[in-house]
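Only one structure is covered here, and it is reproduced in the block below.
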Amino acid sequence: MGLAVGYIVLSYAMIPGLGFPGGLQRIMLVDERLSQNASDARIVIVSNSVGVEVVEGKVVERQLGSGFSVENQSANGLDLLSARIYIGRVLESEPHMLVWIIRPEMMGRIDKINPEVASAMRYSDFDRTADWIVTEQVPGLDDKSIELLQASNIENRLSLRTLPLRHLNEQVRTRTRKGILPAKPLEVDAPFQIAVNLTGDKLQRHIDDVTDSFHVRTAGEVRDGFGFIERTVEQIRSTSTIPVLVAAPTHPLADDFTQADEEFVDGLIEIAERTGVRVIDLSGTLSPEEFADAIHPNREGAEHLSRLLGSALNSTAGVRD
């Protein structure tokens, strides 16, 4: 009886009342948006928090001047595996172009899918038409990730029993660590807001955290991500949507990324030579004053990058294979 009461409270009070923390709600609302009748004259941006903060759609549109609309459908927490699943869902809406913004650490080891992202995808029935949630379509998708994505409604709701604690953690991180406000769930122009620009010791700690994470992902010269990115590009090119890869910038003070950026861009160029995908290199394009932390630009940096992206896309937007 107690379990039944707890499940009812969780399903009909806690989850509807609290919603998902941070950008997870955005995943579900973007899924709803993709289910609507969408124009095929769209350029869709996909990435994790880096893309959420980088792209201001209206700025890109002004640089294009080609009649295309630009939608920033990036979502926090998307890594290679979850981004591939997310991309599959976006492709079902048949956009004209899909712009995938990625970072150097993604060339390394392919991590397991974030459990919270998987819960958000499953809670919104992300997999209801998604035949790409199988190992043949998403190389590297492990059994645990498939289990999370294909959990029953009851199992998935029970996995959300820590929702209040997640909200508390989200609020603490927002107020004390980065000064980043929660993403606006269905904003497709500039969905994220930066509240504080990190400087001094706080900035250095964030740079160290990002650098340490990069070294873990690429330890032993593991470069599994390149093959995964290439296979994803090939799958996008099998549709009517034009794929574009974009290398995102890192704060200039992160010295370890100077060589990493070069290796990353070189790897993307090799993928381009084999697949014909367009690669746009935005690494090294921002000054220190245009960053809010180690990887996210501030508002001035976001506008600058959006102008650069729009200009770079100008020659590609009107082309269909």
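Just so we're clear, the structure is a prediction, and the values are computed from it rather than from any experiment.
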Point-to-point distance, once rounded to the nearest 0.5 Å, from [atom1] of [X] to [atom2] of [Y]:
X	Y	atom1	atom2	value
Thr241	Ile236	OG1	CD1	8.0 Å
Arg231	Arg84	CZ	CZ	10.5 Å
Asp266	Phe226	CG	CZ	8.0 Å

Sequence neighbours excluded, which residues qualify as side-chain contact (heavy atoms from CB on, under 4.5 Å) partners of [X]?
X	value
Gln204	Ile207, Asp208
Glu61	Lys58, Ser69, Val70
Asp256	Thr211, His215
Asp281	Ala247, Val265, Ser283

Side chain [X], main chain [Y], donor-acceptor under 3.5 Å:
X	Y	result
Ser213	Asp209	no
Asp293	Ile295	yes
Asn298	Glu289	yes
Asn314	Gln63	yes
Arg42	Ser93	yes
Tyr86	Leu81	no
His96	Ile43	no

Who pairs with [X] by side-chain hydrogen bond (donor to acceptor under 3.5 Å, both in side chains), at least two apart in sequence or on another chain?
X	value
Thr258	none
Arg205	none
Ser47	none
Asn72	Ser74

Q) side chain to side chain contact (heavy atoms under 4.5 Å, CB included) between Thr232 and Trp100: does it pass, once the steps are laid out? A) CA-CA 10 Å; Thr232 302; Trp100 189 11; 3.8 Å; yes

Looking at [X] and [Y], what are the two nearest heavy atoms and their distance?
X	Y	result
Pro95	Val90	CD-O, 3.4 Å
Phe257	Pro104	CD2-CG, 4.1 Å
Met106	Leu78	CE-O, 3.8 Å
Pro243	Val277	O-CG2, 3.4 Å
Leu282	Pro249	O-CB, 3.4 Å

Tested for side-chain contact (heavy atoms from CB on, under 4.5 Å) against Ile45, the lone hit among Ile101, Val52, Leu98 is Ile101

Side-chain touch [X]/[Y], heavy atoms, less than 4.5 angstrom:
X	Y	answer
His304	Pro297	no
Leu313	Leu64	yes
Thr239	Glu94	no

| Considering residues at least two apart in sequence or located in another chain, which fulfil the salt bridge (Lys or Arg N to Asp or Glu O under 4.0 Å) criterion with Glu230? |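 Salt bridge (Lys or Arg N to Asp or Glu O under 4.0 Å) list for Glu230, sorted by chain: Arg274.
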
Remaining members of the apolar cluster that contains Val222, side-chain heavy atoms under 4.5 Å:
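Noted: Val222 shares its cluster with no other residue.
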
Checklist entry - Other hydrophobic cluster members with Val59, side-chain heavy atoms of Ile/Leu/Val/Met/Phe/Trp/Tyr under 4.5 Å, chained? => result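 Taking Ile, Leu, Val, Met, Phe, Trp and Tyr as members, Val59 stands alone, with no cluster partners.
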
Greater than 12 external heavy atoms within 6.0 Å of Asp201's CG: no

Should Ile85 and Ile113 be marked as a side chain to side chain contact (heavy atoms under 4.5 Å, CB included) after you check the CA-CA gap, both sets of side-chain angles, and the distance that decides it?
CA-CA 10 Å; Ile85 295 168; Ile113 194 169; 4.1 Å; yes

* To do: Could you check Glu53 against His296 for side-chain hydrogen bond (donor to acceptor under 3.5 Å, both in side chains), going step by step and ending with a plain yes or no?
  => CA-CA 6 Å; Glu53 186 53 50; His296 300 99; over 6 Å; no

Residues 101-115 vs salt bridge (Lys or Arg N to Asp or Glu O under 4.0 Å), sequence neighbours excluded, gives Arg103-Glu105, Arg109-Asp111, Asp111-Arg217

Self-check item: N-O pairing of Arg237 and Glu234 below 4.0 Å
Solution: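 Glu234 and Arg237: not salt-bridged.
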
Glu303/Arg299 ion pair, N-O < 4.0 Å
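No.
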
The test is side chain to side chain contact (heavy atoms under 4.5 Å, CB included); show your working for Arg278 and Leu245 and say whether it passes. CA-CA 6 Å; Arg278 172 81 185 278; Leu245 300 178; over 6 Å; no

Leu286-Ile280 co-clustered via ILVMFWY side chain contacts under 4.5 Å: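 They do share one cluster, since a chain of ILVMFWY contacts under 4.5 Å joins Leu286 to Ile280.
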
Report the C-alpha separation of Ile102 and Leu268 in whole Å, then their side-chain angles, then the decisive distance to 0.1 Å, and conclude whether the side chain to side chain contact (heavy atoms under 4.5 Å, CB included) test is met. CA-CA 10 Å; Ile102 45 185; Leu268 295 184; 4.0 Å; yes

